[in-house]
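Here the structure is laid out as structure tokens; the discussion comes afterwards.
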Amino acid sequence: MRIVVTGIWICVVTLLSCYGVVTWGAGLFAQKTEPYLEGLQYQKLRAINVPVIADGALQGYIVTVLVFTADAKLMHTVAVPPNSFVIDEAFRQIYGDPSLDFRRMAKYNISKRLDEIRAKVNERLGAEVVKDVLVEDFNFVPRKDLRS
């Protein structure tokens, strides 16, 4: 009888210790999922070619490459990516700007223009998605330098 009681006691202790280790150890060995920190996302746009027309003739092209930073969390929630909106708004701003004249060079307020692009894109998207618009490259190619 003593051997039977000792065997049952060993089985109960073994089962309880296994249950305790599995319950307690699950918290130790589980992978800790840290929250995904979403901040700003950097987006480089393709080159934009804007024709410069003055005196009824093509004077050349402005070739620019823009970069924008956007809220990564909002980028995933908007239905349409803001890339096309930034390109469109930049084209409209540069093409429609009468103060940008490469025949008479003067200092140009690029910061104001970039802020207007950002504000108009956010207005069109209906949220503060685009945080900043940056210029990576900005060139003017005169008509005489163009290859046909």
Side-chain angles (χ1 to χ4, degrees), residues 9-148:
W9 173 253
I10 291 174
C11 288
V12 169
V13 169
T14 304
L15 287 174
L16 288 176
S17 64
C18 287
Y19 176 76
V21 167
V22 168
T23 308
W24 181 70
L28 291 176
F29 301 115
Q31 291 182 354
K32 296 177 181 164
T33 56
E34 294 183 20
Y36 180 65
L37 298 176
E38 294 188 66
L40 293 179
Q41 190 174 10
Y42 175 88
Q43 292 282 318
K44 181 178 177 181
L45 302 173
R46 63 177 173 78
I48 305 169
N49 300 314
V50 182
V52 177
I53 300 173
D55 301 329
L58 177 68
Q59 303 299 318
Y61 287 92
I62 295 173
V63 180
T64 184
V65 177
L66 298 177
V67 175
F68 71 93
T69 57
D71 187 343
K73 191 177 225 178
L74 288 175
M75 282 278 290
H76 298 296
T77 60
V78 291
V80 180
N83 299 25
S84 299
F85 288 99
V86 174
I87 290 172
D88 178 62
E89 194 58 43
F91 186 91
R92 290 176 190 225
Q93 293 280 332
I94 295 170
Y95 186 76
D97 188 4
S99 66
L100 190 61
D101 187 5
F102 284 94
R103 294 171 298 163
R104 287 179 228 88
M105 293 300 291
K107 195 169 187 177
Y108 184 69
N109 190 355
I110 192 80
S111 297
K112 178 184 171 196
R113 187 65 52 211
L114 294 174
D115 287 340
E116 287 179 14
I117 291 171
R118 181 189 53 78
K120 293 276 188 173
V121 169
N122 286 335
E123 180 182 314
R124 288 169 72 179
L125 290 173
E128 194 70 26
V129 178
V130 177
K131 297 298 181 188
D132 201 7
V133 179
L134 310 166
V135 176
E136 185 172 294
D137 194 13
F138 192 86
N139 292 313
F140 176 71
V141 180
R143 183 177 178 197
K144 64 180 177 161
D145 293 344
L146 294 174
R147 289 186 275 163
S148 332

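Of all the heavy atoms in Lys131 and Arg118, the pair that sits closest is O-CD, 3.0 Å. Here the shortest heavy-atom pairing between Phe140 and Gln59 reads CZ-O, 3.7 Å. Heavy atoms only, all atoms of each residue included: Pro82 and Leu125 are closest at CB-CD1, 3.5 Å. Heavy-atom minimum distance, Pro51 versus Tyr95: O-CD1, 3.4 Å.
For the atom pair Glu123 CD and Glu116 CD, the distance stands at 11.5 Å (nearest 0.5 Å). Here the CG-CG distance, from Asp115 to Asp132, works out to 7.5 Å after rounding to the nearest 0.5 Å.
Under a 4.0 Å N-O distance rule, the pair Glu89/Arg113 does not qualify as a salt bridge.
The only option from Leu40, Val129, Val130, Leu114 that meets the side-chain contact (heavy atoms from CB on, under 4.5 Å) definition with Phe68 turns out to be Val130. Of the listed residues (Leu66, Val65, Val67), just one forms a side-chain contact (heavy atoms from CB on, under 4.5 Å) with Asp137, and that residue is Val65. No option in Leu16, Thr14, Ile10 other than Leu16 meets the side-chain contact (heavy atoms from CB on, under 4.5 Å) test with Val12. The side-chain contact (heavy atoms from CB on, under 4.5 Å) test with Val63 singles out one residue from Asn49, Val50, Ile48, and that residue is Asn49.
Remark: Gln41 pairs with no residue by the side-chain hydrogen bond (donor to acceptor under 3.5 Å, both in side chains) rule, at least two apart or across chains.
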Q) After noting the C-alpha distance and the side-chain angles of Trp9 and Val13, does the key distance pass the side chain to side chain contact (heavy atoms under 4.5 Å, CB included) rule? A) CA-CA 6 Å; Trp9 173 253; Val13 169; 3.5 Å; yes
Q: Evaluate the side chain to side chain contact (heavy atoms under 4.5 Å, CB included) criterion for residues Gln43 and Asn83: first the C-alpha distance (whole Å), next the side-chain angles of each, then the deciding distance (0.1 Å), finally the verdict.
A: CA-CA 8 Å; Gln43 292 282 318; Asn83 299 25; 3.3 Å; yes
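Within 6.0 Å of the NZ atom in Lys120, the count of heavy atoms belonging to other residues, nucleotides or ligands does not exceed 12. Counting heavy-atom neighbours within 6.0 Å of Arg143 CZ, excluding the residue itself, gives a total of 12 or less.
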